[in-house]
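Below is one structure, written out as structure tokens, with a few remarks after it.
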Amino acid sequence: MFDYLVIGCGLAGMTTSRVLAEKGMKVLIVDKRNHIGGNIYDYYNEAEILIHKYGPHIFHTNNKRVWEFLSEFTEWREYQHKVLSYVNGMLVPMPVNLDTINMLYSTSYNSLTINEFFNNVKENVEEINNSKDVIVSQVGEELYKLFFEGYTKKQWDLYPYELGKEVTSRVPTRSNRDPRYFTDKYQGMPKYGYTKMAENIINHENIKVMLNTTYKEIKEEVKYSKVIFTGCIDEFFEEKHGELPYRSLNFIEETHDMEYYQTVGVVNYPNDYDYTRITEYKYLTGQKNDKTTIMKEISKADGEPYYPIPKPENKKLYSIYRNEADKLENVYFLGRLGTYSYMNMDAVIYQALQFCDSILE
Ligand code: FAD
Ligand code: UDP
């Protein structure tokens with residue numbers, strides 16, 4: 001008899017399981033995939049290069065509690081993520097910063113004068129309602145078109161004005177030369193990889209894991225008191241109010257016989273090619289190898305659900321499922337798919353920790 005049946009061995013499921021297991025509860029984690037870790041899973045490919053199966057994952061947070069929680073299960077490799085964007089035939093820093101502007105326009109602004117530029121180009125937007133408003137109110141129409149419109153259309157098959165403001169708000173604009181993608185207090189990569197970290201999280205005598213198994217297959221087969229579901233919330237309810245849309249990705253992996261393929265971890269392609277970005281994993285992991293593996297991401301509508309789509313009508317449909325979920329006893333929904341929320345790893349972990357606080361009160 002298990003106290004909890006946890007569906008999904010991603011960060012939401014693993015974090016909850018670990019905290020509950022330490023409180024003496026018996027947990028069974030079930031995942032339909034053939035590996036642990038959910039979307040953070042990494043592995044060594046044929047060229048013996050450590051890659052992330054589901055696209056580049058860089059850990060960053062301002063949340064001390066989350067950082068300390070994960071640090072129980074991994075040491076860290078210091079890593080500050082850098083991204084360049086390929087626009088007008090040039091590779092320029094992304095997020096847009098002082099150097100981006102000087103490179104694009106052959107100007108020589110400094111951190112004191114750059115705001116003259118931004119003040120000149122930015123648009124007056126009375127209320128920031130969507131992902132286009134966020135950008136044009138900071139950098140104006142021209143830079144919006146160069147850096148955001150095409151990328152967003154490729155990634156979501158939507159224009160930024162059709163998406164909630166939280167999507168492009170993830171990317172700041174800077175009046176200094178800081179080239180880092182993230183400025184969070186705590187940043188790094190698990191020293192021995194995410195899968196190793198995941199193994200450590202679930203390595204507890206009260207946790208059992210079953211892979212290659214769906215919720216449907218297991219739910220009548222074992223005895224348990226409560227369920228934590230971290231898969232798609234609409235799937236749990238057999239889509240009875242309609243399907244929630246998700247964005248999926250094709251990951252195209254290429255190994256090249258050269259030490260490095262590009263000069264930073266990620267290069268974004270807002271306007272050229274059908275992929276949105278290319279990741280070169282060796283920058284993220286620090287691995288040394290004569291060969292290198294890159295990954296191109298091509299977004300698509302169908303396939304594994306990776307991104308909930310933050311759009312008003314989808315939020316409305318989600319709230320119908322949420323209401324239904326709240327009425328269930330002993331079934332809880334967590335994680336990026338379970339709460340239909342575009343969360344980074346740290347937010348997923350924090351949500352799971354807070355959930356545990358609430359039931360352990
Ligand atoms: P998942 O990791 O999706 O885990 C859910 C698990 O449930 C899956 O393993 C799935 O197989 C299983 N499951 C679903 N339904 C069922 C079912 N019916 N039966 C059995 N099992 C089921 N975050 C960052 O902080 N930094 C980054 O750089 C970053 N990069 C990202 C890049 C990409 C391309 C993507 C897609 C996400 C990225 N994220 C990043 C977000 C990060 O992946 C998520 O926040 C986090 O992994 C979500 O954890 P989760 O447990 O909610 O979901
Ligand atoms: N974005 C963009 N151009 C870029 C980078 C990001 O238009 O060069 C927009 C795009 O809509 C993207 C969102 O900002 O989906 C969030 O970017 P982030 O890099 O956080 O995406 P993720 O890593 O979650 O895919």
Side-chain angles (χ1 to χ4, degrees), residues 5-16 29-41 52-61 66 81 83-87 94-96 131-132 134-135 144 146-156 158-160 163 166-171 181-182 184 187 189 194 198 210-219 228-233 235-236 246-249 251 265-271 276-277 279 284 295 297 299 304-310 333-339 341-349 351-352:
L5 172 65
V6 174
I7 304 302
C9 195
L11 276 172
M14 294 189 297
T15 303
T16 341
I29 309 181
V30 169
D31 202 299
K32 62 185 176 189
R33 288 174 172 164
N34 63 1
H35 60 74
I36 63 167
N39 286 345
I40 64 171
Y41 177 72
H52 300 176
K53 181 164 181 169
Y54 304 100
H57 280 73
I58 297 100
F59 189 78
H60 57 102
T61 189
V66 168
H81 190 47
V83 176
L84 295 175
S85 187
Y86 181 71
V87 295
M94 183 72 194
V96 172
S131 266
K132 178 173 182 183
V134 173
I135 304 302
Y144 157 77
L146 267 186
F147 289 94
F148 289 91
E149 192 178 66
Y151 188 106
T152 301
K153 183 73 170 68
K154 269 198 256 182
Q155 170 71 10
W156 302 95
L158 292 169
Y159 287 101
L163 282 163
E166 64 268 41
V167 178
T168 55
S169 298
R170 293 166 59 89
V171 186
Y181 205 62
F182 309 112
D184 302 52
Q187 304 190 37
M189 298 291 292
Y194 284 99
M210 208 168 163
L211 299 175
N212 300 304
T213 308
T214 64
Y215 175 54
K216 257 193 180 154
E217 287 165 339
I218 196 76
K219 67 178 181 183
I228 293 169
F229 191 84
T230 74
C232 299
I233 188 167
E235 184 198 308
F236 180 92
Y246 301 86
R247 212 59 199 151
S248 191
L249 294 168
F251 299 105
V266 168
V267 176
N268 287 354
Y269 291 88
N271 308 311
T276 48
R277 59 185 176 190
T279 299
L284 278 56
M295 189 178 264
E297 288 169 58
S299 166
E304 286 263 303
Y306 294 124
Y307 292 83
I309 305 177
F333 294 82
L334 287 177
R336 186 146 143 144
L337 305 173
T339 59
S341 166
Y342 186 4
M343 287 187 284
N344 286 334
M345 293 183 270
D346 63 330
V348 169
I349 294 168
Q351 184 193 55

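Just follow the structure's listing: the first ligand is 1, and inside any ligand the first atom is 1.
Inside a 4.0 Å radius of atom 53 (O) of ligand 1 there is not any protein heavy atom.
Using modelled atom types and a 3.5 Å distance limit, the side chains of Arg170 and Asn344 yield a donor-acceptor pair.
Contacts between Leu249 and ligand 1 below 4.0 angstrom, taking non-hydrogen atoms only, involve the side chain exclusively. Residue contacts with ligand 1 for Glu235 involve side-chain atoms from C-beta outward but no N, CA, C or O (heavy atoms, distance under 4.0 Å). Looking at Met343 against ligand 1, only its backbone comes within 4.0 Å, counting heavy atoms.
Polar contact check, Tyr342 against ligand 2: a nitrogen or oxygen pair lies under 3.5 Å apart. Close N/O approach between Ser85 and ligand 2 is not found [any backbone or side-chain N/O within under 3.5 Å]. Some N or O of Phe147 is nearer than 3.5 Å to an N or O of ligand 2, by distance alone. Ligand 2 has a nitrogen or oxygen under 3.5 angstrom from a nitrogen or oxygen of Tyr181.
Atom CG of Asn268 is separated from atom OH of Tyr181 by 5.5 Å, given to the nearest 0.5 angstrom. Atom CD of Glu297 and atom OG1 of Thr279 lie 5.5 Å apart (nearest 0.5 Å).
Looking only at heavy atoms of the protein, atom 5 (C) of ligand 2 is closest to Asn268 ND2, 3.6 Å.
Between Val348, Ile58, Thr214, it is Val348 that holds the heavy atom closest to atom 48 (C) of ligand 1. Closest heavy-atom approach to atom 20 (O) of ligand 2 within the set Arg170, Met343, Arg247: this belongs to Arg170.
Taking every heavy atom of Thr152 and a limit of under 4.0 angstrom, the matching atoms of ligand 2 come to 7 (O), 9 (C), 10 (C), 11 (O).
Residue-environment remark: NZ (Lys219) exceeds the threshold of 12 foreign heavy atoms within 6.0 Å.
Residue Phe59 places every heavy atom at 4.0 Å or more from ligand 1. Using a 4.0 angstrom heavy-atom cutoff, Glu217 does not count as in contact with ligand 1.
By the 6.0 Å and 45° rule, Arg33 stacks over the aromatic ring of Tyr54. Under the 6.0 Å distance and 45° angle rule, Lys32 does not count as a cation-pi partner of Tyr215.
In this view, Phe148 satisfies the ring-ring contact (aromatic ring centres under 6.0 Å, His included) rule with no residue, not counting sequence neighbours.
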